[in-house]
Amino acid sequence: MPPVFALVDCNNFYASCEGVFNPILEGKPIVVLSNNDGCVVARSNEAKALGVRMGVPEFQIRPLLRAHHVQVFSSNYTLYGDMSQRVMETLEQFCPDLEVYSIDEAFLSLVGFAQCDLTEYGRQIRRTVKQWTGIPVSVGIAETKTLAKLANRMAKQTSDTDRVFDMLAYQDREALLNGVAVGEVWEIGPSYARLLTQHGITTALQLREADESWIQRHMGVVGLRVVAELNGHSCLDLEACPAPKQGITCSRAFGRSVSTLAEMEEAVSCYVSRAAEKLRGEGLAATVLTVFIMTNAFTDEPQYRNSVTCELPVGTVSTSELIRAGLKGLRRIYRDGYRYKKAGVMCTALVPADQVQPDLFDRQDHPKSKRLMAALDAINDRWGAGTLDYASNGLTKAWQTQSHHRSPAYTTDWDELPVANA
DNA sequence: TCTGGGGTCCTAGGACCC
DNA sequence: TCTGGGGTCCTAGGACCC
């Protein structure tokens with residue numbers, strides 16, 4: 001049976017999450033900012049209508065935000081992650097073959113539903129998700145993932161009450177693709193869009209018809225795949241089980257610049273702790289740790305950036321071992337006399353935590369360390385992040401990321417439950 | 001007068017995604 | 001003053017081997 005994909009995408013996801021528990025925001029312009037309250041990462045329709053662009057730094061549009069009383073939120077990933085899970089669980093009720101593609105998108109394989117009215121099924125999905133979670137979604141349906149992505153874009157252009165588009169049921173495919181700029185196609189980013197436009201390929205239809213050897217030469221196999229998918233040949237399968245992660249990163253810009261090794265050590269120690277928590281959450285152990293630091297590239301100040309990679313003798317999930325390695329690396333690359341803006345750590349060469357290759361000369365008491373980490377995670381999970389912390393993470397954390405507009409953890413903290421007023 | 005060829009592995013950088 | 005974070009995949013080129 002030929003494949004059929006539906007792409008379900010939450011509309012303005014972060015902004016919608018903020019709206020769910022704060023109904024007075026209905027109909028108002030909302031923006032959500034990235035970490036450090038830096039850039040706009042989500043906008044409600046009303047904010048889009050005001051011309052607020054995606055990714056724009058907040059300080060550049062501050063007057064506009066004020067003038068139109070735009071509601072501004074710091075990002076609240078605890079809330080968004082939980083809402084995402086609710087949406088995905090709802091979608092599972094409609095279709096067991098589901099790929100969670102990102103925090104706000106999922107592909108569904110509708111192969112077995114061919115005899116249904118797929119448009120109507122899409123509407124049912126949309127209604128149910130809205131009713132159960134409060135999140136509005138759009139549904140795009142087509143025979144490849146790339147076309148389902150485009151169908152989803154078209155769904156977003158339909159009326160507010162519909163937001164479902166089934167490309168399979170649409171007669172004039174050529175006209176449809178002719179109306180799509182080449183840069184709107186999945187996997188065609190700014191660089192490829194420029195290249196294609198220079199060669200006279202400006203629409204999805206022209207890309208579909210493009211000369212394959214030219215595409216192969218300039219865009220490699222990725223380009224060929226896009227062309228095939230636009231032609232209705234499915235190259236990208238539904239991936240129901242996510243592949244194990246290849247790396248785990250924790251990096252963040254500082255709330256203000258850091259100019260002492262002591263503060264940088266605190267920051268790196270904190271980031272390592274967070275990365276180690278994520279490792280344990282995924283059941284993975286790291287055998288390589290990379291630390292990087294950098295100054296603020298947006299200023300004229302003297303610039304410095306460097307990184308160091310440490311191979312760990314044995315794959316580990318132990319926060320203290322990783323902190324030790326991270327700080328040792330940091331001291332190798334840290335240079336006095338700079339104003340640092342950002343640091344980060346990456347754990348790579350990951351292996352399943354229960355299949356760590358032992359080392360003959362390893363003196364660590366691993367069972368003990370494992371119990372310690374389990375206790376640490378359990379306590380922080382029960383009583384809140386940071387309840388138990390390493391001394392090297394520092395007490396004041398004066399360099400920490402800013403978030404001045406954070407909404408409550410409505411769904412994951414008893415103390416922050418929303419209150420319904422009669 | 002004249003510098004092999006073919007294979008693998010690794011890494012850095014570039015492209016993309018949300 | 002203020003400019004995000006976390007990922008993936010592909011490719012070219014160098015190192016190395018026989």
Side-chain angles (χ1 to χ4, degrees), chain A residues 7-14 31-42 53-63 65 72-77 80-81 84 99-107 145-146 149 152 182-196 215-226 229 235-236 239 242-257 271 274-275 278-279 281-282 284 288 290 292 294-301 307 309 311 339 341-350 400-405:
Chain A
L7 176 64
V8 182
D9 183 304
C10 302
N11 302 336
N12 315 328
F13 182 54
Y14 297 169
V31 300
V32 180
L33 303 178
S34 62
N35 268 315
N36 234 5
D37 293 341
C39 298
V40 171
V41 292
R53 282 171 302 118
M54 187 68 169
V56 69
E58 182 268 350
F59 75 91
Q60 287 179 4
I61 53 163
R62 203 165 293 160
L65 298 177
V72 176
F73 291 91
S74 305
S75 38
N76 183 346
Y77 288 103
Y80 311 150
S84 173
E99 173 184 343
V100 177
Y101 177 70
S102 74
I103 193 165
D104 70 338
E105 283 170 78
F107 285 104
K145 283 181 166 180
T146 303
K149 272 273 190 186
N152 195 283
V182 74
E184 319 259 284
V185 176
W186 200 28
E187 287 289 323
I188 305 301
S191 176
Y192 286 152
R194 212 176 316 118
L195 176 78
L196 290 165
I215 294 288
Q216 155 95 68
R217 206 161 46 246
H218 291 91
M219 300 169 65
V221 299
V222 174
L224 286 181
R225 203 165 54 203
V226 173
E229 287 246 322
C235 306
L236 299 164
E239 287 172 38
K245 279 199 190 348
Q246 302 192 357
I248 285 178
T249 302
C250 179
S251 76
R252 230 162 287 283
F254 303 128
R256 58 152 172 80
S257 57
Y271 296 171
R274 181 71 196 110
K278 289 195 211 171
L279 274 177
E282 300 273 339
L284 294 166
V288 173
T290 301
F292 62 89
M294 59 180 78
T295 49
N296 189 347
F298 289 105
T299 68
D300 301 330
E301 296 171 16
S307 68
T309 296
E311 299 226 0
R339 288 156 48 84
K341 185 58 186 168
K342 185 176 178 178
V345 304
M346 291 163 59
C347 297
T348 48
L350 306 180
Q400 223 171 19
T401 294
Q402 310 283 306
S403 37
H404 292 303
H405 316 280

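Worth knowing before you read on, the calculation uses all heavy atoms, side chains too, and leaves out hydrogens, waters and symmetry mates. Lettering of chains follows the sequences in order, A, B, ..., and the numbering in each one begins at 1. Bear in mind that the values here come from a model prediction, so they are computed numbers and not experimental data.
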- Any side-chain N or O of A:Lys342 under 4.0 Å from OP1/OP2 of C:dG6? no
- Message: Using a 4.0 Å heavy-atom cut-off to protein, can you give one letter per nucleotide of nucleotides 9-16 of chain B, 5' to 3': B if the base is in contact, S if only the sugar-phosphate is, - if neither?
- Response: ------SS
- Message: Does B:dC17 have OP1 or OP2 under 4.0 Å away from a side-chain N or O of A:Lys149?
- Response: no
- Which part of the nucleic acid, if any, lies within contact of A:Leu33, taking any heavy atom under 4.0 Å across all strands shown: a base, the sugar-phosphate backbone alone, or nothing? nothing
- Between A:Ile103 and A:Phe13, is any pair of side-chain heavy atoms under 4.5 Å apart? yes
- Under a 4.5 Å cut-off applied to non-hydrogen side-chain atoms, are A:Val185 and A:Tyr192 in contact? no
- Message: Looking at C:dT1, I'd like to know if its phosphate oxygens (OP1 or OP2) sit under 4.0 Å from a side-chain N or O belonging to A:Arg62.
- Response: no
- Measure from OH on A:Tyr14 to P on C:dG6 and round the result to the nearest Å. 11 Å
- Starting at the 5' end of DNA chain C, write a dot or bracket for each base, bracketing those in Watson-Crick or G-U wobble pairs whose two distances are under 3.5 Å and using | for partners on another strand. ....||||||||||||||
- Value rounded to 0.5 Å, distance of CD in A:Glu239 from CD in A:Glu99: 5.0 Å
- Query: Could you give the CG-to-C1' distance, from A:Leu350 to C:dG6, as a whole number of Å?
  - Reply: 13 Å
- Spacing between A:Asn35 atom CG and B:dC18 atom P, to the nearest angstrom: 19 Å
- Task: When you get a sec, tell me which of C:dG6, C:dT3, C:dT8 is the closest nucleotide to the side chain of A:Asn296?
- Result: C:dT3
- Message: So, does A:Thr249 get its side chain near the phosphate of C:dG7, meaning an N or O under 4.0 Å from OP1 or OP2?
- Response: yes
- Interatomic distance where CD belongs to A:Gln402 and P belongs to C:dG4 [whole Å]: 14 Å
- Message: Quick one, A:Thr309 and A:Met346 - any side-chain contact, counting heavy atoms below 4.5 Å?
- Response: no
- How many Å lie between OH on A:Tyr80 and P on C:dG5, as a whole number? 15 Å
- Task: By nearest nucleotide on DNA chain C, pick out whichever of A:Arg225 and A:Asn36 is the more 5' one.
- Result: A:Asn36
- Message: Against A:Phe298, only a single residue in A:Thr295, A:Asp300, A:Asn296 fulfils side chain to side chain contact (heavy atoms under 4.5 Å, CB included); can you say which?
- Response: A:Asn296
- Message: Strictly below 4.0 Å: does A:Ser251 bring a side-chain N or O up to OP1 or OP2 of C:dG6?
- Response: yes
- Message: Strictly below 4.0 Å, N to O, side chains only: are A:Lys149 and A:Glu105 in salt-bridge contact?
- Response: yes
- Task: Could you tell me how the ring of A:Tyr271 sits relative to the ring of A:Phe254: parallel (under 30°), tilted (30 to 60°) or perpendicular (over 60°)?
- Result: parallel
- Message: I want to check something: taking the side chain as every heavy atom from C-beta on, are A:Leu224 and A:Met219 in contact at a cut-off of under 4.5 Å?
- Response: no
- Pick the P atom in C:dC18 and in B:dT3, then give their distance to the nearest Å. 24 Å
- Pick base, sugar-phosphate or nothing for A:Glu58, based on heavy-atom distances below 4.0 Å to the nucleic acid. nothing
- Note on the structure: Regarding the side chain of A:Gln246, the nearest nucleotide among C:dT3, C:dT8, B:dC18 is C:dT8
- Scan A:Asp37 against the nucleic acid and name what it touches under 4.0 Å (heavy atoms): base, sugar-phosphate only, or nothing. nothing
- Of all residues at least two apart in sequence or in a different chain, which pass the salt bridge (charged side-chain N to carboxylate O under 4.0 Å, His left out) check with A:Asp9? A:Lys156
- Item | Cationic N near anionic O, under 4.0 Å, A:Arg62 to A:Glu58 | yes
- Note on the structure: Per nearest nucleotide of DNA chain C, the residue lying toward the 5' end, A:Ser257 or A:Val221, is A:Ser257
- Item | Interatomic distance where NZ belongs to A:Lys341 and P belongs to C:dG4 [whole Å] | 9 Å
- Task: Report which part of the nucleic acid A:Gly344 touches: base, sugar-phosphate, or nothing (heavy-atom distance under 4.0 Å, all strands).
- Result: nothing
- Task: Could you tell me the separation between the OH atom of A:Tyr271 and the C1' atom of C:dG6, rounded to a whole number of Å?
- Result: 14 Å
- Message: Output the rounded distance in Å from CD1 (A:Ile103) to P (C:dG6).
- Response: 13 Å
- Have A:Ser74 and A:Asp37 got a donor and an acceptor in their side chains that come within less than 3.5 Å? yes
